[in-house]
S.K.: 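Okay, handing you the structure first.
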Amino acid sequence: METNHELILTVVKKVLSEMIEEKIVQAEGPTGIFETVDQAVENAVAAQKRLLALPLRHRDKIIAAIRQAALDHNETISALAVKESGLGRYEDKLRENILCATKTPGTEDIEPRAYSGDDGLTLIEYAPRGVIGSLTPITNPTGTVINNAISMVAAGNAVVFNPHPTARETSIKTIRILHEAIVRAGGPPGLISSVPKPDLTTAKQLIEHPKINMLVATGGRPVVDVVLRSGKKAIGAGAGNPPVLVDETANIRRAAASIIDGASINNNIFCTCEKEVIVVSAVADALISFMMETGKAYLLTPAQAEQVIKLIVTPEGKINTAYIGKDVQVILKEIGINVGEECRLAIFEAEKNHPLVWLEQMMPVMPIVRVRDVSEGIDFAVQVEQGNRHTAIMHSNHVEHMTAFARAVQTTIFVKNGPSYAGIGLGGEGHTSFTIAGPTGEGLTSARTFTRIRRCTLVDAFRII
Ligand code: NAD
């Protein structure tokens, strides 16, 4: 009798504790923001299993809901990103988010492949990794979250984000919005998640968590190195210093307009933005005058350029972070120059060893370096790219020149005769990505990047020919 009583008590206690646990998960889960990294990861493990149990059709519905939510809340998150981080331009953030919501591939990217022949049929399928830990940058707190969420979930994964602390509010808000859309579309709570105060401590916890199956770092070289040392499968999307090379065969007017548009989008904070112009001497004057004709550039005199450089480069030779992503008006005002709203970029002529040629400035101040001919230009552009293998741009109508530069520079993205952002699908063909994996070689990441490739072979059957 007593034994029965004890047994009933034990069962009741167990059921009660499970109910309480479920309640806690429900109370914290619906926002996608969990108190600790451990809670976020544990919930992500469960959510990923539930995602896999859903039909692919349902996953498509979830992806469509993520896209729509990003578009519906674009104004709010774009304004918040500029306000909180102090970087970029509102109208360009809007473009960034539309691009990520509409041109990040969904489940079509993981369509299976098949080999069919005399020996039967072999199927290749793209399986999820499980739970991914994603470290996101201050420069694109909304775009990276939208882009990663679509790619990673389309591939059947859950993702725990650890955003940059300086863009915490924006990133968390974006994650909440997308999470709510997922749950409304019948997706599992906790499929995408984060913690209320992401920082380097939570980043370390995420990187070391035994239930994180893959790490993705979008940021500078140091964080890429950290995830590569983790012992886990890691994808690194690192820094760039994209050169734009203009030769004597280019359509110079078009080159001038493209460079201004590409270099000034979001005040130069995209990792893909043109960071220095290298131009063949014969067309340098024309290029500068066409840039001025657009009405969007301000040409600094040598003395003014020196003043600006003192402001934006520290005595230690580093970029002064106070001016990263600021409007050109803000930077020029500091040295007493007032320019109108239409101005987007300050330009100046520089020697080859100028610090701004070698540093990733991420602000709308652009050095222009003259070279004797295209072959000197190619050699120099390869040097200033510094082996990042990120992005390079060329304006030319000479096929051999373009081929020679593309071969020499070996960048992940190579844009010809357009602004740099054409290479991430904005006004150029192809999908977009805000995690461009140069160091680890996956290129413009998409759903397929976040999968394991599996093969299933049926011998001597199922070939229908
Ligand atoms: P960052 O490297 O400072 O930070 C990126 C992320 O890594 C943040 O979440 C940060 O908290 C985290 N982090 C930084 N150091 C870490 C460490 N030691 N351990 C664990 N986590 C760490 O970069 P940022 O300033 O946010 O972004 C700008 C940089 O990112 C630029 O260099 C830019 O070129 C690059 N970027 C690259 C891509 C790409 O797709 N290749 C995209 C956007 C930005």
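Remember, it's 1-based here, ligands and their atoms both numbered in the order they're listed. Basis for what follows: all heavy atoms, side chains included, without hydrogens, waters or symmetry-related copies. Computed from a predicted structure; not experimentally measured.
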S.K.: Checking Asn157 against Gln48: is there a side-chain donor and acceptor pair closer than 3.5 Å?
M.R.: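 Side chains of Gln48 and Asn157: no pair found under 3.5 Å.
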S.K.: What atoms in ligand 1 come closer than 4.0 Å to a heavy atom of Pro163?
M.R.: 9 (O)
S.K.: Just let me know how Ala203 lines up against ligand 1, side chain, backbone, both or neither, with a heavy-atom cut-off below 4.0 Å.
M.R.: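 Side chain only.
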S.K.: For ligand 1, indicate whether the residue Asn162 contacts it via side chain, backbone, both or neither (heavy-atom separation under 4.0 Å).
M.R.: backbone
S.K.: Is there a polar contact between ligand 1 and Gly220, counting only N or O atoms under 3.5 Å apart?
M.R.: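 Yes, there is a polar N/O contact under 3.5 Å.
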S.K.: Is the closest N or O pair between Met362 and ligand 1 shorter than 3.5 Å?
M.R.: no
S.K.: Extract all donor-acceptor atom pairs below 3.5 Å that involve side chains of residues 214-230 and protein atoms in other chains or at least two apart in sequence.
M.R.:
| unit_1 | atom_1 | unit_2 | atom_2 | d |
| --- | --- | --- | --- | --- |
| Thr218 | OG1 | Thr435 | OG1 | 2.9 |
| Arg221 | NE | Asp225 | OD1 | 3.1 |
| Arg221 | NH2 | Asp225 | OD1 | 3.2 |
| Ser230 | OG | Val227 | O | 2.6 |
| Ser230 | OG | Lys232 | N | 3.1 |

S.K.: Please say whether more than 12 non-hydrogen atoms of neighbouring residues, nucleotides or ligands are located less than 6.0 Å from CZ in Arg389.
M.R.: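 No, the 6.0 Å shell around CZ holds no more than 12 heavy atoms from other groups.
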S.K.: Would you check if the distance from the ring center of Phe270 to the ring center of Phe434 is below 6.0 Å?
M.R.: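 Yes, close enough.
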S.K.: Heavy-atom contacts with Pro165 under 4.0 Å: which atoms of ligand 1 show up? List them by number with element.
M.R.: 11 (O)
S.K.: Using a strict 4.0 Å cut-off to heavy atoms of Ala239, name the atoms of ligand 1 that fall inside it.
M.R.: 32 (O), 34 (O)
S.K.: Suppose I only count heavy atoms of Gly240 and a 4.0 Å limit; which atoms of ligand 1 are within that range?
M.R.: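 What qualifies from ligand 1 is 34 (O).
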S.K.: Find all atoms of ligand 1 within a distance of less than 4.0 Å from any non-hydrogen atom belonging to Phe434, and give their numbers and elements.
M.R.: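 It comes down to these atoms of ligand 1: 40 (O), 42 (C).
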S.K.: Using a strict 4.0 Å cut-off to heavy atoms of Val226, name the atoms of ligand 1 that fall inside it.
M.R.: 18 (N)
S.K.: Taking everything shown except Lys352 itself, do over 12 heavy atoms lie less than 6.0 Å from its NZ?
M.R.: yes
S.K.: Mind checking whether Thr218 contacts ligand 1 via backbone (N, CA, C, O), side chain (CB onward), both or neither, at a 4.0 Å heavy-atom cut-off?
M.R.: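 Thr218 to ligand 1: contacts from backbone and side chain alike.
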S.K.: Can you tell me which residue and heavy atom of the protein come closest to atom 24 (P) of ligand 1, and the distance to 0.1 Å?
M.R.: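 I find the closest protein heavy atom is Ile138 CG2, 3.7 Å.
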S.K.: Which of these, Gly219, Pro137, Ser433, Cys273, has its nearest heavy atom closest to atom 35 (C) of ligand 1?
M.R.: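 Answer by nearest heavy atom: Gly219.
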S.K.: Have Asn417 and Asn251 got a donor and an acceptor in their side chains that come within less than 3.5 Å?
M.R.: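 No, no side-chain donor-acceptor contact under 3.5 Å.
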S.K.: Considering only the protein, which heavy-atom contact is closest to atom 36 (N) of ligand 1, and what is its distance?
M.R.: Cys271 CB, 3.8 Å
S.K.: Only heavy atoms of Glu360, strictly under 4.0 Å: list the atoms of ligand 1 that pass.
M.R.: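 What qualifies from ligand 1 is 31 (C), 32 (O), 33 (C), 34 (O).
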S.K.: Within the supplied structure, the quantity of interest is the number of heavy atoms (other residues, nucleotides, ligands) at a distance under 6.0 Å from Glu306 CD; does it exceed 12?
M.R.: no
S.K.: Name the residue from Met394, Glu276, His401, Met402 that meets the side chain to side chain contact (heavy atoms under 4.5 Å, CB included) definition with Leu245.
M.R.: Met394
S.K.: How long is the gap from SG on Cys273 to CD on Gln361, to the nearest 0.5 Å?
M.R.: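 Going from SG on Cys273 over to CD on Gln361, the span is 9.0 Å.
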S.K.: Any cation-pi pair here, Arg95 with Tyr421, using under 6.0 Å and within 45°?
M.R.: yes
S.K.: Using heavy atoms and a threshold below 4.0 Å, how should the contact between Phe270 and ligand 1 be classified: side chain, backbone, both, or neither?
M.R.: neither
S.K.: Please identify which of these residues, Thr142, Thr76, Asn97, meets the side chain to side chain contact (heavy atoms under 4.5 Å, CB included) condition with Thr174.
M.R.: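 That would be Thr142.
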S.K.: Gly238 versus ligand 1: do any nitrogen or oxygen atoms come within less than 3.5 Å of each other?
M.R.: yes
S.K.: Looking only at distances, can you tell me whether any N or O atom of Asn140, backbone or side chain, sits closer than 3.5 Å to an N or O atom of ligand 1?
M.R.: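 N/O-N/O distance below 3.5 Å does not exist for this pair.
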S.K.: Is ligand 1 under 4.0 Å from a heavy atom in the side chain of His390, in the backbone, in both, or in neither?
M.R.: side chain
S.K.: Got the closest protein heavy atom to atom 12 (C) of ligand 1, with its distance?
M.R.: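 Answer, as residue, atom name and distance: Val223 CG2, 3.8 Å.
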S.K.: Ligand 1 and Ile436, any nitrogen or oxygen pair closer than 3.5 angstrom?
M.R.: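 Yes: some nitrogen or oxygen of Ile436 is under 3.5 Å from one in ligand 1.
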S.K.: Does NZ or CZ of Arg129 come closer than 6.0 Å to the centre of the six-membered ring of Phe450, within 45° of the ring's axis?
M.R.: no
S.K.: Between Thr104 and Thr432, is there a side-chain donor-acceptor contact under 3.5 Å, judged purely by atom types and distance?
M.R.: no
S.K.: How does Thr144 reach ligand 1, if at all, at less than 4.0 Å between non-hydrogen atoms: by side chain, backbone, both, or neither?
M.R.: neither
S.K.: With rounding to the nearest 0.5 Å, note down the distance linking CD1 in Ile62 to CG in Leu178.
M.R.: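 Separation between the atoms: 12.5 Å.
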S.K.: Nearest protein heavy atom to atom 10 (C) of ligand 1, by residue and atom, and its distance?
M.R.: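 Looking at atom 10 (C) of ligand 1, the protein heavy atom closest to it is His164 CD2, 3.9 Å.
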S.K.: Of Asn147, Asp225, Leu200, which has the heavy atom at the shortest distance from atom 17 (C) of ligand 1?
M.R.: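 Minimum heavy-atom distance to atom 17 (C) of ligand 1 goes to Leu200.
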S.K.: Could you tell me whether Glu180 and Arg184 make a salt bridge, using a distance below 4.0 angstrom between a side-chain N and a carboxylate O?
M.R.: yes
S.K.: Taking 4.0 angstrom as the limit and counting only heavy atoms of Thr139, give me the atoms of ligand 1 inside it, by number and element.
M.R.: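 Near Thr139, the atoms of ligand 1 are 27 (O), 28 (C), 43 (C), 44 (C).
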